[in-house]
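Working notes, beginning with the structure itself.
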Number of protein chains: 2
Amino acid sequence: MVKLSERQQMIMSFIEDFIEENDYPPTIRDIQNGCSISSTSVVAYNLDKLKEGGQLNRHSEVSRGLSLASVGPNSNKFKPTEIDSVAVPLLGTIAAGSPFPMPENDTWSDLSGSELIDLPQAIVGPGDNVYALKVRGESMIDALISDGDLVIMEQASSVRNGQMAAVRIKSDNTTTLKNFYSEGPRTRLEPANSQMDAMTFPSNDVEVLSKVLAVWRYLG
Amino acid sequence: MVKLSERQQMIMSFIEDFIEENDYPPTIRDIQNGCSISSTSVVAYNLDKLKEGGQLNRHSEVSRGLSLASVGPNSNKFKPTEIDSVAVPLLGTIAAGSPFPMPENDTWSDLSGSELIDLPQAIVGPGDNVYALKVRGESMIDALISDGDLVIMEQASSVRNGQMAAVRIKSDNTTTLKNFYSEGPRTRLEPANSQMDAMTFPSNDVEVLSKVLAVWRYLG
DNA sequence: ATTCTATCCGCACTAATGTTCTAAAAGTAA
DNA sequence: TTACTTTTAGAACATTAGTGCGGATAGAAT
């Protein structure tokens with residue numbers, strides 16, 4: 001198999017992403033901008049090369065006439081192995097101001113409406129009472145979580161000290177993700193970003209909703 | 001659900017068939033011919049109706065900017081228990097001051113020494129040139145990455161705009177994770193934490209080492 | 001019949017988008 | 001170096017393909 005140049009790899013991955021996002025292929029100029037290429041002719045040149053190499057199909061004189069070659073004998077450099085996975089429901093999104101989505105008592109028996117996410121069992125554990133939320137906006141930046149991140153949570157009404165959890169401040173009726181420290185009559189909530197200050201509340205003003213198992217941020 | 005006219009049904013099924021066959025959507029004129037419609041404006045008219053009805057997505061002023069609305073009630077997926085995974089080598093740790101671990105040319109052929117991490121193939125892709133690093137310390141807090149996080153990277157010497165990457169500032173001989181924006185003669189590096197300021201450098205002072213595919217933070 | 005609304009026709013207009021050409025730059029081999 | 005191939009640039013060009021508009025048609029309601 002012909003080795004792809006850096007630029008060609010970038011073009012390929014751009015096309016993949018673009019189709020993934022829009023359901024239709026990009027134009028030459030879309031690729032040009034997305035890959036910071038100076039001229040449409042360079043894109044055309046490389047698309048032809050990729051076509052010759054069999055990486056993609058191209059129909060000339062057809063706008064957006066691109067499609068990825070069905071991945072055939074290639075791409076198996078590393079043989080994929082099979083691992084056990086757990087399907088975790090994506091219950092919704094969290095954003096500043098919006099109510100914090102929580103699984104209802106009967107949610108677990110009816111996950112039909114929600115999207116499922118496969119996660120390796122090794123990191124989720126048995127997977128009971130585990131669910132995922134997608135973060136919208138930068139409201140959790142204190143917890144080192146940004147827009148688009150996926151937060152994997154496990155329903156719990158108490159957590160051990162130091163654990164990051166979704167906690168509700170009853171008096172404010174706000175919910176945030178903080179590191180939880182029980183200190184007897186008071187409870188200290190500490191942002192994951194240790195450059196920021198912690199706050200303490202009366203313990204009975206703080207309610208633990210779920211503990212945070214993991215954060216998954218996909219950028220590629 | 002709104003009932004579709006004869007013509008609209010024909011258009012829908014034509015679009016399905018066309019995409020099935022070509023991997024890209026038809027133009028208005030393709031539809032016109034395929035459905036024996038006398039005028040492009042009639043096609044446009046009905047496409048708008050179909051969009052209103054939620055049957056398909058349409059992007060105006062975009063050629064072939066059509067896609068079928070994802071059919072909701074079908075998607076009868078059974079709960080998967082196994083997924084394909086790719087073993088990714090954990091090459092080491094990154095910490096402030098320490099040199100940035102990079103795969104050597106021959107590293108890929110000898111992964112015996114390094115620990116392997118299984119990640120879902122859907123996330124990593126084919127897995128070529130992908131490796132993982134464990135973060136030590138809070139030096140990457142600007143990138144919303146903290147101590148203990150696992151960073152999944154793919155070796156690349158260039159990335160497209162907006163991508164988070166490991167970049168080296170040659171004049172400083174420092175390496176950081178930043179969002180990369182090529183702006184001709186200069187390159188802008190933007191922290192993931194958008195509350196912080198971006199910096200720009202001469203493009204030839206910036207070297208891309210790897211692109212960041214994902215960040216995995218395990219807290220549980 | 002009259003009016004109204006939903007559709008359909010043709011056609012011109014223009015924005016979107018692929019192609020081509022020439023030249024320069026970068027890389028390679030002799 | 002010189003000669004040769006590959007890749008990049010820039011810009012004009014040509015075709016593709018979406019849009020808009022005046023007017024026709026066809027039912028349906030009044």
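Just so you know, these numbers come straight off a predicted model, no measurement behind them. Proteins come first, then strands; the chains are lettered A, B, ... in the order of their sequence lines, and each starts at number 1.
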For residues I19(B) and P25(B), report the shortest heavy-atom separation together with the two atoms involved. CG1-CA, 3.9 Å

Looking only at heavy atoms, which two atoms of R217(A) and I145(A) are closest? And how far apart? NH2-CA, 4.2 Å

Have S36(A) and S182(B) got a donor and an acceptor in their side chains that come within less than 3.5 Å? no

Integer-rounded Å distance: [N] [atom2] and [X] [atom1]:
{"X": "F18(B)", "N": "dA17(D)", "atom1": "CZ", "atom2": "C1'", "answer": "12 Å"}
{"X": "R64(B)", "N": "dT19(D)", "atom1": "CZ", "atom2": "P", "answer": "14 Å"}
{"X": "I28(B)", "N": "dG18(D)", "atom1": "CD1", "atom2": "P", "answer": "5 Å"}
{"X": "Y45(B)", "N": "dG18(D)", "atom1": "OH", "atom2": "C1'", "answer": "18 Å"}
{"X": "D48(B)", "N": "dT19(D)", "atom1": "CG", "atom2": "P", "answer": "7 Å"}
{"X": "N33(A)", "N": "dA9(D)", "atom1": "CG", "atom2": "P", "answer": "14 Å"}
{"X": "H59(A)", "N": "dT16(D)", "atom1": "NE2", "atom2": "P", "answer": "15 Å"}
{"X": "L47(B)", "N": "dG20(D)", "atom1": "CG", "atom2": "P", "answer": "14 Å"}

Do R188(B)'s NZ or CZ and the ring of Y181(B) fall within the cation-pi criteria of under 6.0 Å and 45°? yes

Identify whether any heavy atom of S39(A) sits under 4.0 Å from a base atom; if not, whether one sits that close to sugar-phosphate; answer base, sugar-phosphate or nothing. base

Assign S60(A) to base, sugar-phosphate, or nothing according to its heavy-atom contacts below 4.0 angstrom with the strands shown. sugar-phosphate

To the side chain of E61(A), which of dA17(D), dT15(D), dA9(D) is closest? dT15(D)

Shortest side-chain distance from V42(A), nucleotide among dT8(D), dT15(D), dA17(D): dT8(D)

With no hydrogens and no angle check, is any side-chain donor or acceptor of S39(A) less than 3.5 Å from a backbone partner on S41(A)? yes

Which is the 5'-most and which the 3'-most nucleotide of DNA chain C that has an atom under 4.0 Å from a heavy atom of chain B? dA6(C) to dT17(C)

OP1 or OP2 of dT16(D) versus the side-chain N and O atoms of T27(B): is any pair under 4.0 Å? no

Considering just the side-chain nitrogens and oxygens of N46(A), establish if one lies under 4.0 Å of OP1 or OP2 belonging to dT6(D). no

By nearest-heavy-atom nucleotide on DNA chain C, the more 5' of S41(A) and D30(A) is D30(A)

Closest to the 5' end of DNA chain C, once R7(B) and R29(B) are matched to their nearest nucleotides, is R7(B)

With under 30° as parallel and over 60° as perpendicular, where do the rings of Y218(A) and W216(A) fit, or are they tilted in between? parallel

